[in-house]
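Order of the sequence lines fixes the chain letters, A, B, ..., with proteins taken first and strands second; residue numbering starts at 1 for each chain. Computed from a prediction, not measured in an experiment: that's the story for all the values here.
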2 protein chains.
Amino acid sequence: MAFHKKEEFSQKEQDLANFAKAMSHPARIAILKVLAQRNECICGEIVDILPLAQSTVSQHLKELKNAGLINGTVDGPRSCYCINWKAFEKFNSEFTSLFNNLKVKNEKACC
Amino acid sequence: MAFHKKEEFSQKEQDLANFAKAMSHPARIAILKVLAQRNECICGEIVDILPLAQSTVSQHLKELKNAGLINGTVDGPRSCYCINWKAFEKFNSEFTSLFNNLKVKNEKACC
DNA sequence: TTCTTTAATCGTATATTTGCGATATAAGAT
DNA sequence: ATCTTATATCGCAAATATACGATTAAAGAA
């Protein structure tokens, strides 16, 4: 295999795939749910709720942050995370429109 | 590490994560686009379009099929794939609603 | 200054994904 | 019956993801 090939696809396809990848683990979906439910930012609370070790949760948070789906600020010993609604909105609409355009012309399944 | 832990999350979270995983590679997004653009089912055309070997494309198709996002029928030497709009619709709406509910109460970012 | 608390990072093990060439399979064409 | 064509599957190598314990870092409390 050796190499990635992901770069050979369009930027839009890559962006969408990265977004999907960020959502491709139940732990990260659970984290997003928790973040959405609270009005204030949480950190260690997530560790208490999820069935995962602190380091693992921290890793998942990092991936969500890298994907741009959450914002995080470090306040010394504690850090604060919350959902980046703008980014989420952007991906979500791109995602939906990707197929909705085509679906109209092509609703009937052929197999 | 040893074990998966994915099972410890809710079924809905797992389903959504699996859906996202199926979409988490640009090649699979490209495949879905191709399938959506044609009214008839294609097969080897995808291989010509994508910068990937035939066996790799076949593998991606299998994953999309396993995720339930496409249907496939084998017609002897050639096979026929197309998008399972119903399944796609289901996931897409679940996906959108997951956040839209919460977003209303919690639009303001705190960090 | 030292202790405590909270979270990030490092190191490591294992599992999964991605990719390809080679091979197998299955049906139609010759 | 053999050849051709289109796909799926196998076997393998390399890259990534998942998970955890241990360690580090950073700031406030004692």
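Nearest to the side-chain atoms of S79(B) among the listed nucleotides dT18(C), dC20(C), dA8(D) stands dA8(D). Taking the side chain of H25(A) as heavy atoms from C-beta on, and the options dT18(C), dA19(D), dC20(C), the nearest nucleotide is dA19(D). Here the nucleotide nearest the side chain of K62(B), chosen from dT9(D), dA19(D), dA8(C), is dT9(D).
In this structure, CD of E63(A) is placed 7 Å from P of dA17(D), rounded to the nearest angstrom. A straight line from CZ of F9(B) to C1' of dT18(D) spans 11 Å, rounded to a whole angstrom. In this structure, L61(A) atom CG and dT6(C) atom P are separated by 16 Å, rounded to whole Å. Atom NZ in K65(B) sits about 8 Å away from atom P in dT9(D), given to the nearest Å. Following rounding to the nearest Å, H60(B) (NE2) and dT17(C) (P) show an atom-to-atom distance of 12 Å. Look at NZ on K5(A): it is 15 Å from C1' on dA13(D), rounded to the nearest Å. Going from atom CG of L52(A) over to atom C1' of dA8(C) covers 16 Å, rounded to whole Å. Nucleotide dT18(D) holds its C1' atom 13 Å from the CD atom of E8(B), rounded to whole Å.
In this model, no side-chain donor or acceptor of Q59(A) finds a partner on the base of dA8(C) within 3.5 Å.
The shortest non-hydrogen separation linking I83(B) to L32(B) is CD1-O, 3.4 Å. Heavy atoms only, all atoms of each residue included: G72(B) and K65(B) are closest at O-NZ, 3.5 Å. When every heavy atom of A27(A) is checked against every heavy atom of L50(A), the shortest pair comes out as O-CD1, 3.8 Å.
Proximity of Y81(A) to the phosphate of dA8(C): a side-chain N or O atom is located under 4.0 Å from OP1 or OP2. Remark: K6(B) is not in phosphate contact with dA19(D), judged by side-chain N or O atoms under 4.0 Å from OP1 or OP2. For H4(B), no side-chain nitrogen or oxygen approaches OP1 or OP2 of dA17(D) to under 4.0 Å.
A donor-acceptor pair under 3.5 Å is absent between the side-chain atoms of R28(A) and the main chain of A17(B), judged by distance alone. With S58(A) contributing its side chain and Q54(A) its backbone, the two residues share no donor-acceptor pair below 3.5 Å.
Residues passing the ring-ring contact (aromatic ring centres under 6.0 Å, His included) test with F9(A): none are found, sequence neighbours excluded.
Between H60(B) and H25(B), the ring-plane angle classifies as tilted under the 30° and 60° cut-offs.
Using a 4.5 Å heavy-atom cutoff, the side chains of E8(A) and L52(B) are not in contact. Side chains of Y81(A) and I46(A) form no contact here, defined as non-hydrogen atoms less than 4.5 Å apart.
L16(B) is connected to I49(A) through a chain of hydrophobic side-chain contacts under 4.5 Å among Ile, Leu, Val, Met, Phe, Trp and Tyr, so both are in one cluster.
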Per-nucleotide protein contact string for nucleotides 25-30 of chain D (B base, S sugar-phosphate only, - none; heavy atom under 4.0 Å): -BS---
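The 5' end of DNA chain C is approached more closely, in terms of each residue's nearest nucleotide, by R78(A) than by the other of K21(B) and R78(A).
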Any N/O pairs under 3.5 Å between the protein and nucleotides 21-24 of chain C? List them or say none.
residue : atom : partner : partner atom : Å
dG21(C) : N7   : S55(B)  : OG           : 3.2
dG21(C) : O6   : S55(B)  : OG           : 3.3

